[in-house]
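Step one of this worksheet: look at the structure below.
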Amino acid sequence: MSEIERVNVEKRLSDMAVYNGVAYLAGQVPDDGSLDVQGQTAQVLATIDRLLATAGTDKSRILMAQIFLTNMKEFDGMNKAWDAWVAHGNAPPRATVEARLANPDFKVEIVVTAALA
């Protein structure tokens with residue numbers, strides 16, 4: 001049986017768990033809540049890139065993405081950042097829903113799972 005590797009373990013959660021060839025990321029949020037949804041999304045995607053690199057994989061290996069927006073009226077702005085980032089020819093299955101997030105300054109939170117390279 002494989003060991004579970006946890007990354008950036010805190011009291012309540014880890015940023016990522018890696019098990020059996022799959023990286024499971026916690027919901028990633030922006031560092032700067034004052035940015036618009038496009039800027040916040042770009043920050044979150046950069047964080048996802050860093051975490052995936054830590055696991056030895058990248059965005060072309062994402063198996064599933066779940067996106068939480070505080071306002072679906074900002075869907076197009078989020079998609080501008082997403083479309084600039086997503087690996088060409090490797091757009092993963094994705095769900096986007098409207099939800100209230102833990103911090104009222106956050107406009108977006110993204111969860112991904114990815115296969116290891």
Side-chain angles (χ1 to χ4, degrees):
M1 186 175 233
S2 300
E3 288 292 317
I4 298 172
E5 176 189 353
R6 299 184 196 283
V7 176
N8 300 331
V9 179
E10 296 177 9
K11 181 179 179 179
R12 290 192 178 119
L13 61 91
S14 301
D15 279 338
M16 176 174 60
V18 179
Y19 179 73
N20 203 25
V22 179
Y24 301 87
L25 277 65
Q28 300 301 309
V29 295
D31 297 322
D32 185 350
S34 71
L35 296 175
D36 66 8
V37 72
Q38 187 174 350
Q40 287 192 18
T41 302
Q43 279 191 341
V44 170
L45 297 173
T47 299
I48 289 170
D49 279 335
R50 287 191 297 276
L51 286 168
L52 292 176
T54 298
T57 192
D58 63 48
K59 62 188 171 190
S60 71
R61 310 272 300 160
I62 293 175
L63 300 169
M64 178 68 180
Q66 300 170 13
I67 301 173
F68 302 91
L69 287 175
T70 57
N71 187 338
M72 287 304 282
K73 291 179 182 175
E74 296 189 301
F75 185 73
D76 290 340
M78 178 276 300
N79 271 329
K80 285 181 184 176
W82 177 269
D83 291 344
W85 174 81
V86 74
H88 180 72
N90 290 294
R94 185 184 100 170
T96 305
V97 299
E98 185 174 272
R100 187 169 28 165
L101 302 180
N103 181 326
D105 293 333
F106 295 160
K107 297 177 181 299
V108 62
E109 182 169 343
I110 302 175
V111 177
V112 302
T113 57
L116 299 186

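One is the number of the first residue; the rest follow in order along the sequence.
- Thr57 and Ala114 get closest at one heavy-atom pair: CG2-CB, 4.3 Å.
- A continuous path of ILVMFWY side-chain contacts below 4.5 Å connects Val7 to Ile48, so both sit in one hydrophobic cluster.
- Here the CG atom belonging to Asp32 is positioned 5.5 Å from the CD atom belonging to Gln43, to the nearest 0.5 angstrom.
- The shortest non-hydrogen separation linking Ser14 to Ala26 is O-CB, 3.3 Å.
- In terms of heavy-atom proximity, Gly56 sits nearest to Ala117 at O-CB, 3.2 Å.
- Between the Thr96 side chain and the Ile67 main chain, no donor and acceptor come within less than 3.5 Å of each other.
- Side-chain contact between Thr41 and Ile110: present, with at least one pair of heavy atoms (C-beta onward) separated by less than 4.5 Å.
- Both Val86 and Leu45 belong to a common hydrophobic cluster when Ile, Leu, Val, Met, Phe, Trp and Tyr are linked at side-chain heavy-atom distances under 4.5 angstrom.
- At distances below 3.5 Å, not a single donor-acceptor pair connects side-chain atoms of Glu5 with backbone N or O atoms of Val18.
- Using a distance-only test at 3.5 Å, with no hydrogens or angles considered, no donor-acceptor pair links the side chain of Arg6 to the main chain of Ala17.
- Closest approach of Tyr19 and Tyr24 over heavy atoms only: O-CE1, 4.1 Å.
- A distance-only check finds a donor-acceptor pair linking the side chain of Asp36 to the backbone of Gly39 [under 3.5 Å].
- The closest donor-acceptor contact from the side chain of Gln28 to the backbone of Val44 lies at 3.5 Å or more, if one exists at all.
- Atom-to-atom distance recorded for Glu10:CD and Leu13:CG is 5.5 Å, nearest 0.5 angstrom.
- Shown here for Ala65 and Pro92, the closest heavy-atom pair between the two residues is CB-CG, 4.4 Å.
- Hydrophobic cluster membership differs between Phe68 and Ile62, with clusters built from Ile, Leu, Val, Met, Phe, Trp and Tyr side chains linked at under 4.5 angstrom.
- In this structure, CG on Asn79 lies 12.5 Å from CH2 on Trp85, to the nearest 0.5 angstrom.
- Inter-residue side-chain proximity for Asn8 and Leu51 is flagged as met; some heavy-atom pair is nearer than 4.5 Å.
- With rounding to the nearest 0.5 Å, the separation of OG1 in Thr113 from CE in Met16 is 12.5 Å.
- Of the possible polar contacts, one joining the Gln40 side chain to the Gly33 backbone as a donor-acceptor pair under 3.5 Å is found.
- Side chains of Pro93 and Met64 form a contact here, defined as non-hydrogen atoms less than 4.5 Å apart.
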Verdict with reasoning, Val37 to Phe75, per side chain to side chain contact (heavy atoms under 4.5 Å, CB included):
CA-CA 9 Å; Val37 72; Phe75 185 73; over 6 Å; no
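- With Lys80 contributing its side chain and Gln38 its backbone, the two residues share no donor-acceptor pair below 3.5 Å.
- Remark: side-chain polar atoms of Glu74 are not paired, donor with acceptor, to backbone N or O of Lys107 under 3.5 angstrom.
- Side-chain contact between Thr70 and Pro104 is absent, with no heavy-atom pair separated by less than 4.5 Å.
- In terms of hydrophobic clustering, with Ile, Leu, Val, Met, Phe, Trp and Tyr side chains grouped at heavy-atom distances under 4.5 Å, Val108 and Val97 are assigned to different clusters.
- Taking CZ of Arg100 as the start and CG of Asn71 as the end, the distance is 13.5 Å to the nearest 0.5 Å.
- Between Thr47 and Asp49 there is no side-chain heavy-atom pair separated by less than 4.5 Å.
- Closest non-hydrogen pair, Val111 versus Gly27, comes out as CG2-CA, 3.5 Å.
- Hydrophobic cluster membership differs between Leu63 and Leu116, with clusters built from Ile, Leu, Val, Met, Phe, Trp and Tyr side chains linked at under 4.5 angstrom.
- Using modelled atom types, one side-chain atom of Glu98 and one backbone atom of Met72 make a donor-acceptor pair closer than 3.5 Å.
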